[in-house]
Amino acid sequence: MNAKAVEETAVVAPTVREPLFPFFDLKAQYAQIRDEVQAAVTRVFESQHFIYGPEVAAFEEEIAAVAGTKFAIGCASGSDALLLALMALDVGPGDEVITPPFTFVATAGSIARLGTRPVFVDIEPGTFNLDPQKLERAITSRTRAIMPVDLFGLIADMDPIVSLATRHGVAVIEDAAQSIGAAYHGRAAGGMGPMGCFSFYPTKNLGGAGDGGLITTNDPKLAQRLKLLHEHGSPKRYEYEVLGMNSRLDALQAAVLRVKLRHLEEWTTARIRNAERYRALFAESSCREHVTVPETVADCRHVYNQYVIRVPQRDELRQHLQQAGIQTEIYYPYPLHLQPAFAGLGHKRGEFPETERACAEVLALPIYPELRAEQQECVVAGIADFYK
Ligand SMILES: *Cc1c(COP(=O)(O)O)cnc(C)c1O
């Protein structure tokens, strides 16, 4: 089953009981910003300027400031951001790009889509991120880039990754789809390597009214090339320098995202507060020996796009919670190296044991900014009830 199919089954699965509250509550967020969003959308409609224009330019500048980079180039989705970043490096057939098998399909998918081989490196069990210890032996003469993922909102351990990459002359493309606003030793997500890729899919910490993405970079040559590639490879109207694609961030999306960006810091702080509240609740709960809460890393800011615990008997627990009206999700139930889409790589079960173990043990709990203390208490009580 692919990830989309998994999402769809999750949606249509029979619920035993009406949820007490949603797993993810975009309506609660919209209620706070309705007037601002409506004004922004109206502004774009009145201008009838839907492609590029001032909203896109302003948003790109604002995200460059958040990521601490010189350039930011909007595009149509986070998946396109990854694809464009690889295209900017001229990665193609015969090349290899290193990435973890425990991530959303788009990370390895963008690599394989270009005829390039995704070379998987297993994750660290504590952070769920690419294990730098296992990285060096995966580097070959064909390696062109390393694509670490800042999974669930925690930036991957970039210092050893970037130094290995530099030593071997390969690029780092940071999949920052889940980590906007996160920090690693004082540096912001999206600014860790030569290129960072963001997604504005509605469930991300900064989510648009549909699809959207963006690439950050400090390198003026890469910025130039990304601008060319996302606009049909066209430096001037009807002149095509390279084979590109049509992947732009809509002005409407940029206008909505600019409104939301003004609230991002307050929403991120609320996510972190909720994560701390879960930690305290679990520490006091009778279920504490069964639950492994997310690891925090010194001098790193986790922004909790997802709050993912590890538990034994995960599927039974999830069903128990669903019966109690408590919604949870699994990110990710199947490792990419065992997905039919990547069967051509010839991997077998057991090759990436930490990823396979994570797939069997992870459970995402509601963590959105508007989540209330009593709702979190209800989630923890539901888990304690299962293990009692
Ligand atoms: C969401 C996501 C993407 C893809 O972003 P889209 O905007 O949905 O195309 C890529 N990588 C990771 C880790 C993601 O979570």
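Ligands are counted one by one from 1 in listed order, and the atoms in each one are counted from 1 as well.
Atoms of ligand 1 found under 4.0 Å from any heavy atom of Thr107, numbered from 1 in the order shown, are 11 (N). When each atom of ligand 1 is checked for a heavy atom of Val149 under 4.0 Å away, the hits are 13 (C).
Salt-bridge formation is detected for the pair Glu354/Arg357: a Lys NZ or Arg NE/NH1/NH2 atom is positioned less than 4.0 Å from an Asp or Glu carboxylate oxygen. For the pair Glu55 and Arg258, the salt-bridge criterion is met [side-chain N within less than 4.0 Å of a carboxylate O].
Counting heavy atoms only, Ala177 comes closest to atom 12 (C) of ligand 1 of the residues Ala177, Pro202, Cys75, Gly207. With distances taken over non-hydrogen atoms, the option nearest atom 8 (O) of ligand 1 out of Phe198, Phe102, Tyr331, Tyr201 is Tyr201.
Polar contact with ligand 1: present for Asp175 (N/O pair, distance under 3.5 Å). At under 3.5 Å, a nitrogen or oxygen of Ser199, whether backbone or side chain, sits near a nitrogen or oxygen of ligand 1. Checking only distances, Thr103 never comes within under 3.5 Å of ligand 1, N or O to N or O.
Residue contacts with ligand 1 for Ala106 involve side-chain atoms from C-beta outward but no N, CA, C or O (heavy atoms, distance under 4.0 Å). Counting heavy atoms under 4.0 Å from ligand 1, residue Ser79 touches it through both backbone and side chain.
Under the 6.0 Å cut-off for aromatic ring centres, Tyr240 and His232 do not qualify, their centroids lying 6.0 Å or more apart. Phe104 has its ring centre no less than 6.0 Å from the ring centre of Tyr331.
Among all non-hydrogen protein atoms, the one lying nearest atom 14 (C) of ligand 1 is Lys204 NZ, 3.0 Å. Of the protein's non-hydrogen atoms, the one nearest atom 15 (O) of ligand 1 is Gln178 NE2, 2.7 Å.
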Legend entry - Asp131/Asp122 under side chain to side chain contact (heavy atoms under 4.5 Å, CB included): CA gap, chis, key distance, verdict: CA-CA 6 Å; Asp131 187 345; Asp122 210 355; 5.6 Å; no
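Ring-plane geometry between His347 and Phe352 is classed as perpendicular, the angle between the planes exceeding 60 degrees on a 0 to 90 degree scale with a lower cut at 30.
Other residues, nucleotides and ligands contribute at most 12 non-hydrogen atoms within 6.0 Å of the CZ atom of Arg142.
Side-chain atoms of Tyr278 and Glu377 form no donor-acceptor pair, as typed in the model, at a separation below 3.5 Å.
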